[in-house]
Amino acid sequence: MARNSKSRKPLPRKPGWRDVSDEFWAKVEPLLPKDVRSPKGGRPPTPHRTIFNGILYVLRTGCQWKMLPREYGSGSTAHEHFQKWTGARVFSKLWRLCLLEYDRLKGIDWKWQSLDSVTVSAPVKGGMKRAKTRPIEVSSEQNATSSSMAKGSPWESNSRGPMPTTRLGFERLWIR
């Protein structure tokens, strides 16, 4: 019997390592923009905490949005909220908030900073003058890749040669 999407039930929800804590959620929730419901009605909205946990799951695992486990709701809904929240700079504000919290708890030595290459733009085309590359000279001296031996292998090859690309050739490939 084939299973369809209606017969598939989501796994029971077990809070665990994948969920944000209540304490952290209390810091995140005020940063999130409110959803505007359509006057026409529609589906009830997925809770923001479920969506946020789903976004963190995708970012942590690197899976595709459509492969998001059902316990986090629809992958397209999570992606839509991720785009909306990125545009509203929610994650930048959250990063700044977390840095300030860490500074309050442990202290950050602000004299030492690191710069990642991702944050530095690459030189634009024509923006940097480069020296011309010297042409490679032809050398008659022997090296590890040139040999005075004949250009054939002294050992017998086990290769059967190229396979024909006809239909018969492909059938032989599968029959072996």
Side-chain angles (χ1 to χ4, degrees), residues 1-125 162-176:
M1 178 177 159
R3 292 178 51 161
N4 59 21
S5 61
K6 291 180 183 175
S7 67
R8 286 184 13 191
K9 295 179 183 167
L11 296 172
R13 186 80 178 102
K14 295 179 185 175
W17 65 270
R18 293 189 255 185
D19 297 332
V20 295
S21 66
D22 294 334
E23 182 183 356
F24 186 69
W25 180 246
K27 293 176 184 358
V28 173
E29 191 173 24
L31 301 175
L32 300 177
K34 302 294 179 215
D35 279 339
V36 180
R37 298 261 340 238
S38 170
K40 294 180 182 178
R43 290 184 182 174
T46 308
H48 280 173
R49 188 169 183 171
T50 304
I51 293 171
F52 188 77
N53 283 325
I55 290 170
L56 292 182
Y57 179 86
V58 170
L59 295 176
R60 211 179 288 129
T61 62
C63 76
Q64 297 174 356
W65 290 102
K66 291 287 184 182
M67 299 304 291
L68 186 68
R70 290 177 150 247
E71 63 191 67
Y72 299 117
S74 165
S76 57
T77 301
H79 183 255
E80 181 183 325
H81 277 79
F82 176 72
Q83 295 292 337
K84 186 172 27 170
W85 293 346
T86 301
R89 303 192 48 83
V90 169
F91 298 105
S92 298
K93 293 172 189 173
L94 183 60
W95 176 253
R96 189 168 285 130
L97 187 73
C98 290
L99 274 180
L100 293 173
E101 179 72 14
Y102 186 82
D103 188 29
R104 187 182 66 75
L105 293 173
K106 300 277 187 178
I108 298 175
D109 187 3
W110 292 103
K111 292 181 214 165
W112 291 94
Q113 294 183 13
S114 174
L115 183 66
D116 191 342
S117 63
V118 175
T119 59
V120 178
S121 60
V124 293
K125 186 175 181 179
M163 292 292 292
T165 56
T166 62
R167 182 178 166 95
L168 180 62
F170 284 112
E171 286 173 358
R172 278 192 289 167
L173 225 160
W174 294 108
I175 293 173
R176 285 189 210 163

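All residue numbers in this chain count up from 1 along the given sequence. Just so you know, these numbers come straight off a predicted model, no measurement behind them.
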Legend entry - Side chains of Asp35 and Lys84 in contact at under 4.5 Å (non-hydrogen atoms): yes
Legend entry - Gln83 atom CD, over 12 foreign heavy atoms within 6.0 Å: yes
Inset, instruction - Would you name the heavy atoms of Leu94 and Val28 that are closest together and state the gap between them? - result: CD1-CG2, 3.7 Å
Inset, instruction - Taking the side chain as every heavy atom from C-beta outward, state whether His48 and Trp85 have any atom pair closer than 4.5 Å. - result: yes
Inset, instruction - Taking all heavy atoms of Gly42 and all of Arg37, pick out the closest pair and write down the distance. - result: O-NH2, 3.9 Å
Inset, instruction - Would you indicate whether the side-chain heavy atoms of Tyr72 and Leu56 approach each other to under 4.5 Å? - result: no
Legend entry - Which atom of Lys66 lies closest to which atom of Ser76, heavy atoms considered: NZ-CB, 3.8 Å
Inset, instruction - Evaluate the side-chain proximity of Phe52 to Val90: yes if any heavy-atom separation is below 4.5 Å, no if none is. - result: no
Legend entry - Donor-acceptor pair, side chain of His81 and main chain of Thr77, under 3.5 angstrom: yes
Inset, instruction - Could you tell me which residues satisfy side chain to side chain contact (heavy atoms under 4.5 Å, CB included) with Glu29, sequence neighbours excluded, listed by chain and number? - result: Trp25
Legend entry - Close side-chain approach of Leu99 to Asp103, heavy-atom, < 4.5 Å: no
Inset, instruction - Taking all non-hydrogen atoms of both residues into account, name the closest pair between Gly75 and Leu68 and its distance. - result: CA-CD2, 4.0 Å
Inset, instruction - Mind checking the CG-CZ spacing from Leu31 to Phe91? Nearest 0.5 Å is all I need. - result: 10.0 Å
Legend entry - Other residues, nucleotides, ligands: >12 heavy atoms within 6.0 Å of Arg43 CZ: no
Legend entry - Atom of Ala88, atom of Lys93 and distance for their closest heavy-atom approach: O-NZ, 3.6 Å
Inset, instruction - Decide yes or no for Leu32 and Arg49: does some side-chain heavy atom of the first lie under 4.5 Å from some side-chain heavy atom of the second? - result: no
